[in-house]
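First comes the structure, then the notes that go with it.
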Amino acid sequence: MSRPPTRNIPLAPATLDWQGNVPLSRQYGDIYFSSRDGLAESRHVFLHHNELPQRWRDAALRHFVIAETGFGTGLNFLAAVEAWLANAGGEAHLHYVSVEKHPLSPRDLALALGARPELSSLVPELLRQYPPPVRGVHRLQLYGGRVSLSLYLMDIAEALEELDIRADAWFLDGFAPAKNPDMWDAQVLTRVGALTAAGGSFATFTAAGPVRRSLQAAGFEVNKAEGFAGKREMLHGRMGRADNAAPAVSALFKPWFGYSALPEPRPRTALVVGAGLAGAFTARALARRGWRVTVLEQAAAPARGASGNAAAVIYGKFSTHDAVDYRFYQQAYLHALRCYAALGLGDAWSACGVLQLAVAEADRLRQAELAAAWPAQVMRLLSAVEAGVLAGVQLDRGGLFFPDAGWVDPARVCAHLLNHPAIELKTGCAVAALNYQIADGRAGEWRLYDQAGHVLGAAPAVILANAAGAAGFAQTDYLPLSRVRGQVSYVTATAASAALNCVLSFDGYITPALQGCHSLGATFDRGNDEMELAVADHLRNLENLEQAAPALRRALAVADAAALPGRVSFRTYAGALPVVGPAPEAAFYLKEYAGLAKGQLRKAYPKAACHPGLYLNLAHGARGVTTTPLAAEMIAAYIEGEPQPVPESLRQALHPGRFLIRQLKKNKLQITDDYRDVSGGIEPGTAIGSTEDTLKIRG
């Protein structure tokens, strides 16, 4: 299997010729679907021979996973969706995972699907969310939430290495083996077999002998059938190997980043601690899947901490290098744009664009390199004149423009997300301790207590989304969470500054006027716990604007910085990436992985033990508005046993166990009485971690 490249190499989009309504790939010299009737071909080969409509009529079906090698025009996907919506129960969810190395442009996709009147009701939504040609994984939520499409835009070998799924059915649909041999490589088909659920099926248009033998070697029982439109033969079959009930293991997998599904049977109820963006998005992701969720917030209302600023800017963290943190922030950014656009937030969300100004020469050089590496749909380089015209104000320098980015009102987003019949918000609830109990041999449940020992709630699943407060619990006190103070200045708009019509980003940011006021910020101060507004920080925000856009600074006409209103909040960090995933049992890690401290990296280690049903969604720092939508989908996928919306390398990079492993490898951790079994019991004097930090608003 190939490994990810060390630089972000742009994808080569599909280049097409057309034979009437049938697209022909120039890269492979082959057609995308039958010239006789592509939709009928999809139904015959992939739906009929995977027995899908019949399998979907099972009333007990909760979710179903289709994996596809070659998204192409999306015809197979839409054929499957059409049949799914007509046959599966309303509570069931279809996960469609598809790989594509050369994605079609939106224009070509629309042309290829436009000749299919039977699918006309499904095509517009796919086109609205269709991602730009950016290498990585793109999760689309479609058709009333009943279908998730995960597009792996990358080479097939890399994609299969990054996948961690149990596919119920495979659509093996690359171009013909003679035209695209890499898609049908024996190693590829071995991995297909490993990623197939027990009893899972496959179907493919080809009957080539090497393909048949490779599928048999991968564990499939292979049958031949009559092909479509006079084609003599095609292949289909079922997984015949009983050991496929066990999870597949990627070459990337490390045992300390493992996890286990929630025990069943158990009620589908969950407790979320914290009602900021991380908690609100997590609660909504679970409610959308049929869970009943109670959100416990210690403040008097949601979004009172870092999620409470008047406006939060959505922006990515882009690089030409393929480091894991950049890949996560890039994927989270594109996911967030789709998410906010689909939420129906009204004027609480503005896709006005973000212009990242090149303040220094090094910025200009870096931006030019980025613009060359990323599609114009994502970012484009502007001269000073172009930037000024686009922004609506005088600018002395150009920059990098992100056309689909913008700002949101986080408090209104949280209120929107929590306004759901399956979500109950309880404010004034400070959680002091967690206790896991198992009774009568049934699946256990967590009980959450206040400082006085009163039970605040009980459920089999608990998600800690309370920022730095998570370090106050015995189960998670090893987390290296730190708080960073940030101050935003609110500046009254003038007639000149009100012309600003996009967000300007520099060593800080300024938003367009919102209700007559610009948000200008934000400072970044470690080791400062002061809650009062600081005049020096207002001056720092104004100075950063002066260096980036002096004409706009003059237009604001601030006479007295001490009189400016503003807001102080604290962002939580745990290094370069958020903390998203199951909560490890520290005692297990320190005992079972002690060999790592001695450099024993190749030893056969057991899979990680995590607290059953306890998950973390924390430490999103200053980018929480961008990263929490994707992180919430990850948490829901963990709990439901669904395919993850991120590749395996990113899932592991965000895993909470990384801190224990890092310290073990540095030989800085030892097993002590401090790492006892902390699954249960309230200990006197247990610290209460603050769910949201207090704030000050003046003016």
Side-chain angles (χ1 to χ4, degrees), residues 21 32-34 36-100 109-110 112-130 139-151 165-174 192 196-197 199-205 223 225-229 231 234-239 289-290 642-643:
N21 293 325
Y32 277 85
F33 47 72
S34 170
R36 291 272 295 272
D37 188 336
L39 182 56
E41 179 186 36
S42 292
R43 289 168 174 163
H44 173 80
V45 173
F46 299 112
L47 299 187
H48 176 69
H49 283 93
N50 277 297
E51 304 175 46
L52 294 188
Q54 303 94 302
R55 293 165 72 185
W56 291 342
R57 294 185 190 119
D58 180 357
L61 184 67
R62 282 242 310 268
H63 55 81
F64 193 93
V65 179
I66 295 175
E68 178 185 45
T69 57
F71 185 74
T73 66
L75 190 59
N76 294 337
F77 167 67
L78 292 180
V81 169
E82 179 192 43
W84 173 262
L85 297 177
N87 290 279
E91 297 299 316
H93 193 93
L94 175 64
H95 292 273
Y96 196 101
V97 181
S98 187
V99 181
E100 181 54 62
L109 192 72
L113 296 174
R116 303 290 167 190
E118 311 97 312
L119 304 175
S120 60
S121 64
L122 303 176
V123 172
E125 189 167 348
L126 174 62
L127 292 176
R128 274 195 302 273
Q129 293 203 41
Y130 189 66
R139 169 65 65 84
L140 283 59
Q141 303 289 352
L142 300 162
Y143 311 115
R146 293 193 60 192
V147 177
S148 296
L149 170 61
S150 296
L151 282 175
I165 61 171
R166 308 300 286 159
D168 298 298
W170 281 91
F171 294 0
L172 301 181
D173 192 30
V192 164
T196 304
S201 62
F202 83 92
T204 179
F205 64 87
N223 304 302
E226 183 179 349
F228 176 74
K231 187 176 185 338
M234 57 162 282
L235 302 177
H236 68 101
R238 291 268 189 163
M239 173 52 64
R289 290 163 169 82
E642 300 173 354

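- Between H93 and S148, the side chains place a donor N or O and an acceptor N or O closer than 3.5 Å (distance only, hydrogens not considered).
- Minimum heavy-atom separation, S201 to R238: CB-CD, 3.9 Å.
- A197 and M239 make their closest contact through O-CB, 3.8 Å (heavy atoms, listed as atom of the first residue, atom of the second, distance).
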Begin from the C-alpha positions of E118 and L39 and carry the test side chain to side chain contact (heavy atoms under 4.5 Å, CB included) through to its verdict.
CA-CA 9 Å; E118 311 97 312; L39 182 56; 3.7 Å; yes
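- Rounded to the nearest 0.5 Å, atoms CZ (F205) and NZ (K231) are 7.5 Å apart.
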Would you sort out whether R289 and E642 count as a side chain to side chain contact (heavy atoms under 4.5 Å, CB included), showing the intermediate values?
CA-CA 11 Å; R289 290 163 169 82; E642 300 173 354; 2.9 Å; yes
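- Rounding to the nearest 0.5 angstrom, the gap separating the NE2 atom in H95 from the CG atom in L149 is 11.5 Å.
- Remark: side-chain polar atoms of T196 are paired, donor with acceptor, to backbone N or O of V192 under 3.5 angstrom.
- By the neighbour-count criterion of 12 heavy atoms within 6.0 Å, atom CG of N21 is sparsely surrounded, having that number or fewer from other residues, nucleotides or ligands.
- Contact record, L140 with Q129: CD2-O, 3.5 Å, taken as the closest heavy-atom pair.
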Show your working on side chain to side chain contact (heavy atoms under 4.5 Å, CB included) between E125 and Y143 and close with a plain yes or no.
CA-CA 8 Å; E125 189 167 348; Y143 311 115; 3.4 Å; yes
For a quick test of your reading: what N or O donor-acceptor pairs under 3.5 Å do the side chains of residues 64-90 make, sequence neighbours left out?
{"residue": "E68", "atom": "OE1", "partner": "Y96", "partner atom": "OH", "Å": "3.1"}
{"residue": "E68", "atom": "OE1", "partner": "S98", "partner atom": "OG", "Å": "2.6"}
{"residue": "E68", "atom": "OE2", "partner": "N76", "partner atom": "ND2", "Å": "3.0"}
{"residue": "E68", "atom": "OE2", "partner": "Y96", "partner atom": "OH", "Å": "3.1"}
{"residue": "T69", "atom": "OG1", "partner": "D173", "partner atom": "N", "Å": "3.1"}
{"residue": "T73", "atom": "OG1", "partner": "L75", "partner atom": "N", "Å": "3.4"}
{"residue": "N76", "atom": "OD1", "partner": "S42", "partner atom": "OG", "Å": "2.5"}
{"residue": "N76", "atom": "ND2", "partner": "D173", "partner atom": "OD2", "Å": "2.7"}
{"residue": "E82", "atom": "OE1", "partner": "R43", "partner atom": "NH2", "Å": "2.8"}
{"residue": "E82", "atom": "OE2", "partner": "R43", "partner atom": "NH2", "Å": "3.4"}
{"residue": "N87", "atom": "OD1", "partner": "R57", "partner atom": "NE", "Å": "2.9"}
{"residue": "N87", "atom": "OD1", "partner": "R57", "partner atom": "NH2", "Å": "2.9"}
{"residue": "N87", "atom": "ND2", "partner": "A83", "partner atom": "O", "Å": "2.8"}

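- Heavy atoms from other residues, nucleotides or ligands lying under 6.0 Å from CZ of R36 number 12 at most.
- The structure places CG of L52 at 11.0 Å from CZ of F46, a figure rounded to the nearest 0.5 Å.
- Between L235 and N223, every side-chain heavy-atom pair lies at or beyond the 4.5 Å cut-off.
- The line from CG of L109 to CG of L126 is 5.5 Å long, rounded to the nearest 0.5 Å.
- Nearest heavy atom pair, residue R55 against residue N50, reads NH1-O, 2.9 Å.
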In sequence, state the C-alpha distance, the side-chain angles, and the governing distance for E91 and R62, and then conclude on side chain to side chain contact (heavy atoms under 4.5 Å, CB included).
CA-CA 7 Å; E91 297 299 316; R62 282 242 310 268; over 6 Å; no
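- In plain terms, the two heavy atoms of E226 and H44 that are nearest each other are O-NE2, 3.0 Å.
- Taking every heavy atom of both residues into account, F202 and L172 meet most closely at CD1-CD1, 3.9 Å.
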